[in-house]
Amino acid sequence: MQNNPYSWIESSLSTIHKANWYRSVKTVESLPGAIIKLEGKRLINFASNDYLGLAGDERLIAAAIEATKEFGTGSTGSRLLTGHREIHQELEQEIAKLKQTEAALVFSSGYLANIGVISSVINQRDLILSDEYNHSSLKNGAILSGGKIVEYSHNNIEYLKNKLEQERENYRRSLIITDSVFSMDGDLCKLPLLLDLAEKYNSMLLVDEAHATGVLGINGGGCVEHFNCTGKQLIQIGTLSKALGSLGGYVAGSKNLIEFFRNRTPTWIYTTGLTPADTAAALTAIKIIKKEPERRLKLWQNVEIIRNLLETEDRLFDRGKKISNYESPIICFPLKNSAEALKVGEKLKQAGIFAPAIRPPTVNTSRIRISLMSTHEKSHFQQLIAALING
Ligand SMILES: *Cc1c(COP(=O)(O)O)cnc(C)c1O
């Protein structure tokens with residue numbers, strides 16, 4: 001086998017298995033929601049990004065069907081050629097309104113938005129400062145850009161400031177990149193302090209609002225709105241695939257910035273426009289988010305309900321150890337290692353709960369990560385906690 005150029009794959013897979021890092025897909029056999037059917041089993045779902053329960057909403061489904069009937073299944077080309085429809089523009093205007101920016105641009109996914117945007121504003125002569133807990137798409141966007149990457153310890157503003165002080169003057173442009181809600185930990189970035197530093201060191205700032213859009217802020221505008229930072233100059237990224245229940249990503253910012261991306265960002269220029277169905281579903285989701293703030297309120301009530309349940313429950317894990325600061329609907333239960341996390345995940349599944357183990361390399365330390373939805377009920381949380389205690 002010495003001259004089989006693919007033989008390394010088998011040994012790589014075996015290493016993955018040995019470390020308990022192996023991943024495989026599980027088939028969902030129902031509409032998305034707080035309860036799903038997963039491989040024949042009815043489970044309470046704590047693994048969804050569908051925070052507001054919109055991915056299975058009749059109105060999104062109807063909008064997607066209608067748009068498909070009117071415009072077809074595919075958009076047939078890139079946006080600059082045959083792939084542009086009026087609903088794309090409408091969606092971009094609605095995103096800009098939600099984010100209170102001058103303009104917005106939609107991509108085929110949030111991942112593509114991040115790698116495209118970061119690599120088109122930064123190159124070899126420039127500096128990127130990146131939180132160590134950032135999402136993979138931010139990290140890979142930084143690598144693709146060819147800029148000098150400085151990773152700062154999680155939310156460590158003092159460290160970031162020192163790095164800017166040391167490094168900024170050696171580079172042309174500078175960009176700070178951060179999740180706004182950290183996807184695997186559920187805490188928030190320190191946006192006002194980041195904006196101050198960005199201003200002081202003449203640096204751009206990009207925040208990824210993937211888990212914040214529709215969830216945080218009085219109108220669902222995200223962390224930027226939550227921190228009263230709307231109107232500040234920054235680059236806002238997000239996804240249509242989480243609280244908006246569809247598929248796609250976006251960047252929002254000044255008119256000039258968006259015009260620049262339309263002319264310079266390869267992951268937007270050289271790829272097919274969003275399908276009519278995805279576009280119409282996202283557009284409908286934004287309208288619902290505006291019309292029905294009670295969905296967001298219910299989600300935050302659920303955060304409070306589980307907080308109360310967990311804080312009065314001292315049989316769970318390390319007593320006194322802080323599980324979460326409840327800044328978002330994402331809550332993590334830290335566990336010793338991958339094997340332990342897998343074991344707890346499996347036990348939860350047997351107890352009727354889907355809350356999978358999150359392991360390296362996604363995160364440094366293994367955990368059970370749950371995300372709440374506005375459609376969860378108190379009894380769901382009680383069952384989760386009972387199962388965690390018995391696990
Ligand atoms: C999910 C996620 C993305 C990717 O968005 P997709 O639209 O699913 O590609 C980007 N950034 C963060 C922080 C995310 O959680």
Side-chain angles (χ1 to χ4, degrees), residues 23 25 28 32 46-52 54-55 60 88 91-92 95 98-99 104-119 128 130-144 151 154-155 175-189 191 194 205-216 222-224 226 234-252 265 267-268 271-275 277-279 281-283 285-286 327-332 356 358 361-363 367 369-373:
R23 296 142 182 254
V25 296
V28 174
F46 286 108
S48 175
N49 295 319
D50 181 22
Y51 295 108
L52 303 175
L54 291 176
L60 271 70
H88 288 122
L91 175 59
E92 285 166 347
I95 293 169
L98 181 67
K99 307 297 296 182
L105 190 65
V106 293
F107 288 73
S108 304
S109 77
Y111 207 113
L112 284 171
N114 269 330
I115 58 176
V117 161
I118 295 169
S119 61
I128 292 187
S130 171
D131 190 292
E132 62 173 331
Y133 283 9
N134 276 345
H135 188 260
S136 159
S137 54
L138 291 168
K139 293 188 176 189
N140 279 327
I143 292 167
L144 185 64
E151 203 168 71
H154 177 51
N155 261 341
L175 174 70
I176 303 168
I177 56 177
T178 185
D179 283 20
S180 71
V181 171
F182 284 89
S183 59
M184 291 298 134
D185 293 77
D187 55 339
L188 309 185
C189 74
L191 186 61
L194 291 174
L205 172 62
L206 180 153
V207 292
D208 180 346
E209 298 261 58
H211 291 274
T213 303
V215 172
L216 276 125
C223 251
V224 174
H226 169 78
L234 78 173
I235 305 172
Q236 299 185 50
I237 300 275
T239 178
L240 309 177
S241 329
K242 288 175 176 144
L244 300 184
S246 180
L247 178 67
Y250 66 82
V251 57
T265 303
T267 62
W268 185 80
T271 196
T272 303
L274 271 192
T275 67
D278 291 323
T279 310
L283 190 53
I286 295 183
E327 290 175 314
S328 77
I330 298 168
I331 297 167
C332 293
I358 308 285
T362 306
V363 288
R367 67 201 62 181
R369 170 189 181 275
I370 65 161
S371 48
L372 309 187
M373 299 173 63

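Along the sequence shown, residues carry numbers from 1. Just so you know, ligand 1 is whichever comes first in the structure, and atom 1 is the first atom listed for that ligand.
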### Query
Out of I177, N140, I143, which residue meets the side-chain contact (heavy atoms from CB on, under 4.5 Å) rule with I118?
I177
### Polar proximity ligand 1 side, G249 side, N/O cut 3.5 Å exclusive
no
### Query
Nearest 0.5 Å, what's the NZ-CG distance between K242 and L54?
15.5 Å
### Message
Only heavy atoms of S183, strictly under 4.0 Å: list the atoms of ligand 1 that pass.
### Response
15 (O)
### Message
Polar contacts were defined as any N/O atom of the residue lying under 3.5 Å from an N/O atom of the ligand; does this apply to D179 and ligand 1?
### Response
no
### Task
Using a strict cut-off of 4.0 Å, indicate which atoms of ligand 1 neighbour a heavy atom of Y111.
4 (C), 5 (O), 6 (P), 9 (O)
### Task
Mark up the atoms of ligand 1 that fall under 4.0 Å of a heavy atom belonging to S241, in ascending order.
7 (O)
### Query
Can you check whether E132's main-chain N or O pairs, donor with acceptor, with K139's side chain at less than 3.5 Å?
yes
### Query
Please state which protein non-hydrogen atom is closest to atom 5 (O) of ligand 1 and give its distance, to 0.1 Å?
G110 CA, 3.5 Å
### Query
Counting heavy atoms only, which part of S137 comes closer than 4.0 Å to ligand 1: side chain, backbone, both or neither?
side chain
### Query
Rounded to the nearest 0.5 Å, how far does CD of E209 lie from OH of Y250?
6.0 Å
### Sub-4.0 Å atoms of ligand 1 with respect to non-hydrogen atoms of G248
7 (O)
### Message
We want to know whether Y111 and H135 form a side-chain donor-acceptor pair, criterion being a heavy-atom distance below 3.5 angstrom.
### Response
no
### Query
Which of the numbered atoms in ligand 1 are below 4.0 angstrom from a heavy atom of A210?
2 (C), 11 (N), 12 (C), 13 (C), 14 (C), 15 (O)
### Query
Have D185 and H154 got a donor and an acceptor in their side chains that come within less than 3.5 Å?
no
### Query
Do any N/O atoms on D208 end up under 3.5 angstrom from N/O atoms on ligand 1?
yes
### Task
Tell me yes or no: between the side chains of T362 and R369, is some donor less than 3.5 Å from an acceptor?
no
### T239 neighbourhood, listing ligand 1 atoms whose heavy-atom distance to it stays under 4.0 Å
5 (O), 6 (P), 7 (O)
## Note on the structure
Tested for side-chain contact (heavy atoms from CB on, under 4.5 Å) against L105, the lone hit among V117, V251, I95 is V251
## Note on the structure
Here the atoms of ligand 1 under 4.0 Å from any heavy atom belonging to K242 are 1 (C), 2 (C), 3 (C), 14 (C), 15 (O)
